[in-house]
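Working notes, beginning with the structure itself.
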Amino acid sequence: MAAPAPAASSKRDLLIFDAEENLAVALAKYTADISAKFAAERGAVTVVLSGGSLIYALRKLTEAPYLETVDWSKWHVFWVDERVVPKDHEDSNYKLALDGFLSKGAAEDYETILKQLVKNGVLAMSKTTGFPRFDLQLLGMGPDGHIASLFPGHPLVKENKKWVTHILDSPKPPPQRITFTFPVINSSAYVAMVVTGAGKAGAVQKAISDKKTSDLLPVEMAILDDGEFTWFTDKEAVSMLQN
Ligand SMILES: O=C(O)[C@H](O)[C@@H](O)[C@H](O)[C@H](O)COP(=O)(O)O
């Protein structure tokens with residue numbers, strides 16, 4: 001498979017912070033600025049979150065001045081992926097149903113909700129891709145280069161019709177999850193990829209290298225159609241990059 005070329009209108013930035021604390025300060029300002037832009041332009045801000053360490057990195061948004069200045073009433077928050085964890089006992093039929101179809105149902109439900117939000121005008125549509133265009137996706141990456149619940153070598157990375165899909169065999173526990181697909185991630189206006197720590201240096205190096213191989217990591221498949229992609233990293237995460 002040939003490496004996809006970045007779309008002409010997409011922009012990529014690599015920000016490297018001396019300390020995670022400084023990354024958190026910059027990420028809060030970046031998020032608050034994008035929030036103000038879309039609140040003014042569209043009257044709504046659609047923000048996508050991943051799980052993991054990203055949530056801790058966002059902590060400064062809930063402190064002064066942003067706690068007061070961000071117009072939270074305009075925010076619509078979505079999850080790029082979610083773990084489908086049973087709310088019921090292991091021995092019940094719930095698990096059987098969950099394994100069989102509930103996790104798929106959850107993905108379809110989520111997609112239906114997104115379509116409703118497009119109709120309401122809360123969520124924009126990309127003019128070129130035919131997929132929803134979130135204002136901001138705040139994402140993390142695993143040491144294996146996975147983003148959302150899109151894992152290296154898994155067939156789901158090739159999904160090109162659905163907005164949301166389900167996975168029953170995630171290599172990272174728990175195995176059952178629902179996730180946005182690449183066309184949805186790549187139709188975003190802004191993506192912040194927040195990655196810290198030495199454990200992710202190998203995947204960061206592969207992703208940022210100009211030499212593209214056929215075995216692309218999921219993070220390398222995050223190529224925006226028409227948007228700005230910014231890496232928020234620390235020194236440890238970029239320690240394998242050549243100057
Ligand atoms: O469930 C998940 O796996 C997450 O939603 C995933 O997308 C996460 O962002 C990365 O795995 C990075 O996680 P860490 O930042 O905790 O390493």
Side-chain angles (χ1 to χ4, degrees), residues 1-16 48-54 79-81 107 126 128-134 136-173 175 177-234 236-243:
M1 185 172 61
S9 48
S10 87
K11 181 171 173 264
R12 292 178 88 85
D13 271 324
L14 170 62
L15 306 179
I16 304 170
V48 176
L49 300 174
S50 73
S53 56
L54 170 82
W79 276 264
V80 71
D81 65 330
S126 160
T128 49
T129 67
F131 286 88
R133 178 169 173 78
F134 287 93
L136 172 61
Q137 298 217 24
L138 293 156
L139 305 182
M141 179 197 80
D144 59 354
H146 86 263
I147 61 169
S149 288
L150 300 164
F151 290 89
H154 196 282
L156 279 191
V157 301
K158 298 202 183 104
E159 174 59 53
N160 62 8
K161 291 193 182 60
K162 293 180 184 158
W163 294 11
V164 184
T165 190
H166 69 286
I167 174 167
L168 298 173
D169 57 351
S170 161
K172 177 180 174 182
R177 296 147 170 260
I178 61 173
T179 183
F180 282 2
T181 57
F182 269 116
V184 171
I185 293 172
N186 288 343
S187 298
S188 307
Y190 292 87
V191 168
M193 189 61 67
V194 183
V195 176
T196 58
K200 297 181 179 171
V204 168
Q205 183 206 28
K206 182 162 176 353
I208 290 178
S209 157
D210 291 335
K211 290 185 212 107
K212 290 293 166 206
T213 53
S214 58
D215 58 332
L216 291 178
L217 296 175
V219 70
E220 295 177 271
M221 297 168 145
I223 296 174
L224 305 192
D225 175 65
D226 174 21
E228 256 184 65
F229 183 107
T230 306
W231 287 91
F232 284 79
T233 68
D234 63 359
E236 289 76 17
V238 295
S239 58
M240 287 171 71
L241 293 185
Q242 258 115 46
N243 294 322

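Everything quoted here is computed from the prediction, not taken from an experiment. Quick note: residue numbers are just sequence positions, from 1.
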Would you compute the distance between atom [atom1] of [X] and atom [atom2] of [Y] and round it to the nearest 0.5 angstrom?
X	Y	atom1	atom2	result
Thr196	Lys200	OG1	NZ	6.0 Å
His146	Asp81	NE2	CG	7.0 Å
Ile178	Ser149	CD1	OG	9.0 Å
Leu14	Met193	CG	CE	12.5 Å
Tyr190	Leu224	OH	CG	11.0 Å
Leu139	Ser188	CG	OG	7.5 Å

For Thr129 and Asp225, test the side chains for any donor-to-acceptor distance below 3.5 angstrom and give the result as yes or no.
->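 No donor-acceptor contact under 3.5 Å links the two side chains.
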
Check: [Y] and [X] side chains under 4.5 Å, non-hydrogen atoms:
X	Y	answer
Val195	Val219	no
Ile167	Phe151	yes
Val184	Val48	no
Met221	Ile185	no
Val204	Met141	yes
Leu54	Phe232	no
Phe182	Pro218	yes

Please answer whether the main-chain N or O of [Y] pairs with a side-chain N or O of [X] as donor and acceptor at a distance below 3.5 Å.
X	Y	answer
Asp234	Gly197	yes
Thr179	Ala148	no
Arg12	Ile208	no
Lys212	Ala207	yes
Thr181	Lys162	yes
Ser209	Gln205	no
Thr233	Leu15	yes

Mind listing the closest non-hydrogen atom pair of Ala203 and Pro143 along with its distance?
->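 Taking Ala203 first and Pro143 second, the nearest heavy atoms are CB-O, 3.6 Å.
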
Give the ring-plane orientation class for Trp163 versus Phe131, where under 30° counts as parallel, over 60° as perpendicular and anything between as tilted.
-> tilted

Which is it for Thr165 and Glu159 under the side-chain hydrogen bond (donor to acceptor under 3.5 Å, both in side chains) test, yes or no, and what are the steps along the way?
-> CA-CA 8 Å; Thr165 190; Glu159 174 59 53; 4.9 Å; no

